[in-house]
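Notes follow the structure.
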Amino acid sequence: MLLIDVVRVSEAVTRTSARLGKIGHLAELLGRVGADEAEIAISYLSGELPQRQVGVGWRTLQDLPPAKLAATATLTDVDALLSRIKSVSGQGSQAARRTLVTQLFAGLTTQEQAFMLRLLGGELRQGALDGVMIEAIAKASGAPSADVRRALTLRGWLPAVGAAALAGGVEALRAFKLEVGRAVSPMLAGSAPNIAAALEKAGAPAALEWKLDGVRVQAHRSGDQVRVFTRTLDDITAQVPELVEAVLGLASDDLVLDGEVIALRPDGRPHPFQVTASRASSKTDVPRLRERTPLSVFFFDALRVNGTDLLDLPYSLRQELLAETVIPGLLTPRIVTGDVSEAEKYFTDVIKAGHEGLVVKSLASPYAAGRRGAGWIKVKPRHTLDLVVLAAEWGHGRREGKLSNLHLGARDPESGGFVMLGKTFKGLTDELLTWQTERFLELAEGPADEWTVKLRPELVVEIAFDGVQRSPRYPGGMALRFARVLRYRPDKRAVDADTVETVRSLMF
DNA sequence: TTCCGACAGTGGGGTCGCAAT
DNA sequence: ATTGCGACCCCACTATCGGAA
């Protein structure tokens, strides 16, 4: 199949706003792609590469060669070149990679170039990714989408699932089994503003588990072999020897467990997330790092124990089997209750202990990966500050032409100025985007650079955030974590904004 | 007819590994 | 040694579609 066939379908999907229409376009193409190119087509049309990453980003994609006139590139051609691009390494690799990227784009038409640019940049923006592609695979193969979804859970990679469905229908999908040593798509949590709302969503009574601010891990063990995967299914076995040893110490030698690794201080309180993340992603001199900053692991689910798959069992049963398999010290602390005030007290206690919050879990739900469904609901406390808008950046995509990303500052009484604490683009409605674009242009002091408009520091905005972290980037040495806009405060002036000292007092 | 679950899009800060400067 | 880039760890929120109620 030619790349241009895929590109045309992608364009049709982009033009179509109805989800069912998108699914129709995608399914039509899946109906005519050859078996040997099905994985590539599914991959591209769900916004990813079969190679996952190839070491090419926005910078490498500057200064591309002129386009060809005739569209002759096949999916196989393009895929082969991308594999070569991925494989280069060592001295001179950047130049070599650039040469191959140039070669790739020189073989494409303008239309194809535009598509590959977005695909490689990770911003397909056609309004269809995995979720829509699942439905398209179901439609094209005649299999129920629930079967596609379940196979994806077990296999962790949609193109392989889609190709199997197109070739062998529902039977091929049902042949996918949990395989020890190959990562499963992890189950994700939705969120709720407070404990009462979360209990209502999950259905009382529910389990309340500590939400630890660490790195999600999935541990597989077959005999003496242990492998550990992250949320995006990357293998981090070598970075977490503590976890490997802990799993090898268990009685069952055929299992898959879900949990979190976190760096704890000697007093048991958690280190800042940055410390855990640094440990979990460092590959060099792990033994020394381990001595200085040991990782602890806490499991909260069991997908397989003693060679038996548990995904379809209710959470409460999986918990029983987990507790029989894992020593108490490796279990995520939890209670089961339907009582709101008891749950709220537990929440207060876990926050006092320095942790992130709670995950409220339905006792009945199976392990349904991928969807941020109703089964698991996280609750975290929320801080707020009144900050001053120092500048704003022009948005992209559907925010094109709107000033979108706000630079936030706290008041510094000593200097009489403002100290930048980070940016945010979250929490803005279309209406607010329109309003703030107009208002910002009135306050504009001129462009700071190509994307940024500097403002007179007059506008006060109420910002919600999860915490204050140490920052190597911002002048105050601190930055807000997960900042989002709650509302503008026209009743306040810049002199009423919160101060740097207030922010500093929130940093741990 | 209204409501709500699921999805895609729009980006945030921090850190590491690797290659180039 | 330092810098730039790509990748991935954590992530919140709104708009929209379409099935459920």
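Keep in mind that the numbers below use all heavy atoms, side chains included, and drop hydrogens, waters and symmetry copies. Everything numeric here is computed off the predicted structure, so don't read it as measured data. A, B, ... follow the sequence lines: proteins, then strands. Residue 1 opens every chain.
In this structure, A:D285 pairs ionically with A:R288, as a charged nitrogen and a carboxylate oxygen lie closer than 4.0 Å. Ion pair A:D213/A:R481 flagged as a salt bridge, since at least one NZ, NE, NH1 or NH2 atom sits closer than 4.0 Å to an Asp/Glu carboxylate oxygen.
For the pair A:W58 and C:dG6, the criterion of a side-chain N or O lying under 4.0 Å from OP1 or OP2 is met. Applying the 4.0 Å criterion to OP1 and OP2 of C:dA15, one finds that A:R398 has every side-chain N and O outside that range. Contact between the side-chain N/O atoms of A:S404 and the OP1/OP2 oxygens of B:dG11 is found at a separation under 4.0 Å. When the side-chain nitrogen and oxygen atoms of A:T429 are compared with OP1 and OP2 of C:dT14, none of them lie within a distance under 4.0 Å.
Between A:W376 and A:F300, the ring planes lie perpendicular to each other; the angle is over 60°, past the 30° to 60° tilted range.
Heavy atoms of A:Q91 sit under 4.0 angstrom from primed sugar atoms or phosphate atoms, though from no base atom. Contact annotation for A:A479: backbone-only contact, meaning every heavy-atom pair under 4.0 Å involves sugar-phosphate atoms and none involves a base. Within the nucleic acid shown, A:S17 comes within 4.0 Å of sugar-phosphate atoms alone, with no base atom in reach, counting heavy atoms only. Contact annotation for A:V217: no contact, since no heavy-atom pair falls under 4.0 Å across all strands. Contacts of A:K402 with the nucleic acid, taken as non-hydrogen atoms under 4.0 Å apart, are absent. The residue A:D430 sits close only to the backbone: its heavy atoms come under 4.0 Å of sugar-phosphate atoms, none of a base.
As a whole-Å value, the separation of A:N405 CG from B:dG13 P is 7 Å. Atom pair A:R59:CZ and B:dA20:P shows a separation of 14 Å (rounding to whole Å applied). What separates CE of A:M507 from P of B:dG13 is a distance of 16 Å, to the nearest Å. Look at CG on A:L120: it is 14 Å from C1' on C:dA7, rounded to the nearest Å. A:I134 places its CD1 atom 20 Å from the P atom of C:dC17, with the value rounded to the nearest Å. If you measure from atom CZ of A:F482 to atom C1' of B:dG13, you get 8 Å, rounded to the nearest angstrom. The distance from atom CD of A:E393 to atom C1' of B:dG12 is 11 Å, rounded to the nearest whole Å. In this structure, CZ of A:R98 is placed 13 Å from C1' of B:dA19, rounded to the nearest angstrom.
Nearest heavy-atom pair across A:L129 and A:S46 is CD2-O, 3.5 Å.
When both distances must be under 3.5 Å, the Watson-Crick or G-U wobble mate of C:dG19 is B:dC3.
For A:F273, counting side-chain heavy atoms from C-beta on, the closest listed nucleotide (C:dC9, B:dG17, B:dT10) is C:dC9. Distance from the side chain of A:K426 is smallest to C:dC11 among B:dG13, B:dC7, C:dC11.
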